[in-house]
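Below: one structure, written as structure tokens.
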Amino acid sequence: MLVRSALPWVRRGSRRDAGRSSGAALCCRAPALLGAALALLLGCSGAAQAPPARAARVVKTPPAQSKAPEGPPLLPAHVIAELEDEDATPYLARRGDEALLLYAAGGRWRTRVLGADGAPRGDAVEAGPAAADVPVAALRATPQGYIAAWIEQAEGSRAVRVLALDPAGKPVAPASLVAQTAEEITWLDVLPNAAGALVLWEMPRDDRVDVVMTVVAQGKGAASKPTAPASVAREVLGWHAVATERGAAVALVLPPAAPPPRAERKPARKADAEDAAEAGKLGAIALLEIDAAGKLSTPVAVSPEPTAQIDLEIAAVGGRYLLTWTDERDIDSAVYLAAVEPGGKVVVAPRQATPPSGEQALVSLVAPAEGGGRALLAWEDLLRARGGDREGGGAEARGAGRLIHLASVGPDGALSAERAALVFSASGPPDLAADGDGFAAVTLAPAALKADRGGTAAPPVWPTFVRFGPDLSVRAAEPVRAAPFAATDGVPYLVRGLSCHKGSCATLASAAAGAGVQPGGAGKAGAAGARAPLALVSLPVRESAWRAPAFREDRDPPPRATAVRALFEGDHIARVAAAELDGGAALAAWVTYFVEGASDGAPRGQDLAATLAVRAASPGGGLGKLNVLSQKASSLGGVAIATAPPAPADPKGKGGAAQGESVVAWVARERGETQVYVTKVDATGAKIAQKKLTTAARKKPGGAPSEASDVAIAYDGAGGFIVAWVDTRDGNAEVYAARIDRALNRTAPDRRITNAPLDAAEVQIAVRGQEAWLVWSDARPAGGAAGGGAGGPSGEASGDVFLARLDAKTLQRIGDEARLHASPEHSRSPVIAPHEGGVVVGWVDEPAGESAPGGGAPAAGIARFVRLDNSGAAQGAPVAVAGPDGAAVSSVALACDKVCRGVLASAPGDSVVLNALTLSPGDAAAPTLKPLAWLTGSASQDVSPAFAGRSGASLFFADDSVSGSGRVRWMTIAWP
């Protein structure tokens, strides 16, 4: 599979390297002045690898294919030429109802006029000599005919030549040599105007490029000789140009005038030099115009901040210039838009084009068809569900490809409410074009028939076209299959050059050399020196038996993610917690992953451990200040947060709290010892007060020091909080609990809750009325405690989830502990949520070993959920929920109101997917899973999902960015 873009291509997602963030060093990039950057147009230096060369869009069929389905008809096609090299690039330009083909054969350029139906009109015409090595060429229609330009490479020299053609494809004069140099020339384009055309090309300068032009005037007679090369811009990071009647508009990515100040979220570290190199690939956005005579306007600043990637694109829409690019001014990269009127007035300031959805990357901006209309914006959300079959509301087919999002956009930069998605099983962008009042696409996607729903064999991946209406509904879709390619089931080797005119669309398609064509075509299969047939394949709107690789996204039923944004970027994340505040706001807390002794950034004489931080999120999507509470936290200690309502006033009307207060429970590591701490924070996450909860002696003579870990906290409903944790002060790990008031004063002493021969872990807590309910994972053997059961093979300890009910005031246990489910698997990561009539408990069961007698152990981890009544008795057997396609379940989050809503993290392949589920009262069957997002982190990561509140509308979780740094993300979810 191969896709080459005619526009700048950069890798998807953020360009930043993994970075550590600590303390207050957590914010966004500081802007730089654009005025000094514009001076770089006159020349400056760079020092990094050259940017990648650009090439024409090509969709290449994978060589290994499944058996083709039989039955559906082929598409209309005309063989229009033969190519000596199967990878040679033909060029097509439309002019009214006709089109002109330009290609090289026998060392000569040849042209051929094609009719409105794609059929050739007459024989090919020789247009002059063609060099053996032409890496890039361009052909564009002008009012007087056509203009072609190309780059030649020979004997270490590069040259630019321009050729004017009349409407019949005949040369007006021999090709003109415009420039010749020993330096690289990597890209070229022709921008026609009313008087002729501007030819622009780029010359790399280390990690930057110079943009050079020539003017070609084309009157009714012969075209004038192109002007001498002139500079458009020097040492820019990237550029893109659009033709206008007056000349052209050129959008530029300008390097910062000086290295930007170190962003607050970037701490001092050994990789600062690498950060600087990466930051140098981001720039500011500017626009200049060129008239038909080649006169340049003064560059206008469009986006002064040096935060733009080099994938900038520009299109003329409704009398304005619309600019779009991938921007990194926030933690997550996002697609930005701006609009500029001719003359340079910025009428729509840069803004994020779509709701936040994690890391985004621009794919394409497609100008509207001639005569106006709306443009098409295509982008990719790296945290959204992958492509696949969505017809009838079905779930996505895992691994089917990337999901390219589409929306139309007007001159005001506002995207349409209608959204579509296109499956693309390759890198780079698909081929997109305006199609009358709609749009068309050629993509690479699995080809399957609508009737083939139960097939087990993977469908072949073929070039497939899609025709979209103005509302982005799918008008038609079929694989690109035609008679000239019968030797390969009708599927061509390469597809390129999608174009549409007056509602008719077609694409160029070529076979591999020697593949042959049907009788009446050009060439024979297997003949010596056989050439590759080139055909123009029509892409009609007609009834089709093929399943479309596209769908209307805005019709996707809930549950679905409505927005995703990052709260933090830095070290990898060990644990995430969240709590809901009044008015729908939320507080998220997290602790980073830290291995003691591995730090390289601690100030001299200071301990450094994991970072504990808190950040507020508002219902409207706004984020508060990031508050770092400690840099001496223990990763194994975890973090938990609970919120109390505003405190009532005393009888004299004094002392009441104006707003709710939250308490964060965590574990600090100081001088090698761990203790449980509690920190009170306000609605912004700022610290109000902090106290040490435990003072246990940790160092043991001759033995390992004891540890505190796995904290949990809940509001007790009576003005205080109950904290639970796991402690090894008495030998093995046991569950402890304590009660504190709003002032963080202890109101009940540490109380040991468990007393078992083996270790407890991962305690969680919920309060119901005057009772506190604790659940945890315990490795005690079967039959060794209340609940009985067959905890493991031959009575071995495998770990089960246990429940204890406590008096919320005294922390005295009510009744015996209960084993919630006895199984041969290892039960871990419990979650608990209060529900009408009791609670719901969930956990993960994973194989305790490589195998189990009788095949009892599942092939991968699964989730289980059980309802408990007011007395703690199970209401039926636990419901088992497996990951999609048998993928191992790694963690779960649970929130209960009238129904229970959950998010299940599983690891299919090498990544993590979040799936939504709903548990209704009385359901005994496993719930249906709906994918919410595919994460960018590795499958080994514990994403630690946590809901804020009982509605399940806000989910916080950990993930790694594309560049590898750790991130905390906030997802809002729409539920049925």
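The first residue in the sequence is number 1, and the count goes up from there. Computed from a predicted structure; not experimentally measured.
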Backbone N/O of [Y] and side chain of [X]: donor-acceptor pair under 3.5 Å:
X      : Y      : answer
Thr142 : Pro192 : no
Asp381 : Leu383 : no
Thr326 : Leu362 : yes
His501 : Gly96  : yes
Glu98  : Leu114 : no
His240 : Ile314 : yes
Ser303 : Ala284 : no
Ser297 : Glu289 : yes
Arg95  : Pro143 : yes
Thr324 : Tyr336 : yes

Heavy atoms of other groups near Glu341 CD, more than 12 under 6.0 Å: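 Yes, CD of Glu341 has more than 12 neighbouring heavy atoms, counting only those of other groups under 6.0 Å.
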Can you tell me how far apart [atom1] ([X]) and [atom2] ([Y]) are? Round to the nearest 0.5 Å.
X      : Y      : atom1 : atom2 : result
Ile185 : Asp210 : CD1   : CG    : 11.0 Å
Lys281 : Ile310 : NZ    : CD1   : 8.5 Å
Leu406 : Phe439 : CG    : CZ    : 9.0 Å
Arg547 : Thr464 : CZ    : OG1   : 12.0 Å
Ser499 : Arg94  : OG    : CZ    : 3.5 Å
Leu191 : Ile290 : CG    : CD1   : 7.5 Å

Does the side chain of [Y] come within less than 4.5 Å of [X]'s, by heavy atoms?
X      : Y      : result
Thr214 : Leu198 : no
Asp332 : Leu382 : no
Leu75  : Phe465 : yes
Val340 : Leu323 : yes
Pro350 : Asp327 : no
Glu328 : Gln309 : yes
Met213 : Val250 : no
Arg481 : Trp546 : yes

Is Arg552 positioned over the aromatic face of Phe468, cation under 6.0 angstrom from the ring centre and no more than 45 degrees off axis?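 No cation-pi geometry.
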Applying side-chain contact (heavy atoms from CB on, under 4.5 Å) between Leu92 and each of Ile80, Leu139, Leu100, Leu536, report the one that passes.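 Filter result, single survivor: Leu536.
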[Y]/[X] salt bridge by N-O under 4.0 Å criterion:
X      : Y      : value
Arg967 : Asp959 : no
Arg374 : Asp437 : no
Arg419 : Asp554 : no

For the pair Val335 and Leu377, evaluate side chain to side chain contact (heavy atoms under 4.5 Å, CB included) and give the outcome as yes or no after the intermediate values. CA-CA 10 Å; Val335 175; Leu377 182 68; 4.3 Å; yes
Closest heavy-atom pair and its distance - [X], [Y]:
X      : Y      : answer
Gly413 : Leu337 : O-CD1, 3.4 Å
Gly503 : Asp435 : CA-OD1, 3.7 Å
Glu553 : Ala420 : OE1-O, 3.5 Å
Ala149 : Val190 : CB-CG2, 3.7 Å
Thr307 : Leu282 : O-CD2, 4.0 Å
Arg402 : Glu380 : NH2-OE1, 2.8 Å

Report the C-alpha distance between Leu101 and Leu534 in whole Å, list the side-chain angles of each, state the deciding distance to 0.1 Å, and finish with yes or no for side chain to side chain contact (heavy atoms under 4.5 Å, CB included). CA-CA 11 Å; Leu101 174 71; Leu534 175 70; 4.0 Å; yes
Before giving the answer on side chain to side chain contact (heavy atoms under 4.5 Å, CB included), spell out for Val211 and Leu200 the whole-Å C-alpha distance, their side-chain angles and the decisive distance to 0.1 Å. CA-CA 7 Å; Val211 185; Leu200 274 66; 4.1 Å; yes
Before giving the answer on salt bridge (charged side-chain N to carboxylate O under 4.0 Å, His left out), spell out for Arg140 and Asp189 the whole-Å C-alpha distance, their side-chain angles and the decisive distance to 0.1 Å. CA-CA 9 Å; Arg140 300 287 184 265; Asp189 202 359; 2.8 Å; yes
Before you tell me yes or no, could you show the steps for Thr354 and Gln360 under side-chain hydrogen bond (donor to acceptor under 3.5 Å, both in side chains), namely the whole-Å CA-CA distance, both residues' side-chain angles and the distance that decides it to 0.1 Å? CA-CA 10 Å; Thr354 69; Gln360 290 182 330; 2.5 Å; yes
Check the pair Asp330, Arg565 against salt bridge (charged side-chain N to carboxylate O under 4.0 Å, His left out), reporting the backbone distance first and the verdict last. CA-CA 9 Å; Asp330 295 318; Arg565 74 167 60 226; 5.7 Å; no
Ignoring hydrogens and geometry beyond distance, is a side-chain donor-acceptor pair present between Asp960 and Thr936 at under 3.5 Å?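 Distance-only check fails for Asp960 and Thr936.
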Residues Glu202 and Thr186: side-chain donor-acceptor under 3.5 angstrom: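 Note: Glu202 and Thr186 side chains meet the donor-acceptor criterion.
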I would like to know whether Arg969 and Glu359 meet side chain to side chain contact (heavy atoms under 4.5 Å, CB included); could you show each step before the answer? CA-CA 11 Å; Arg969 301 191 188 274; Glu359 293 179 90; 3.3 Å; yes
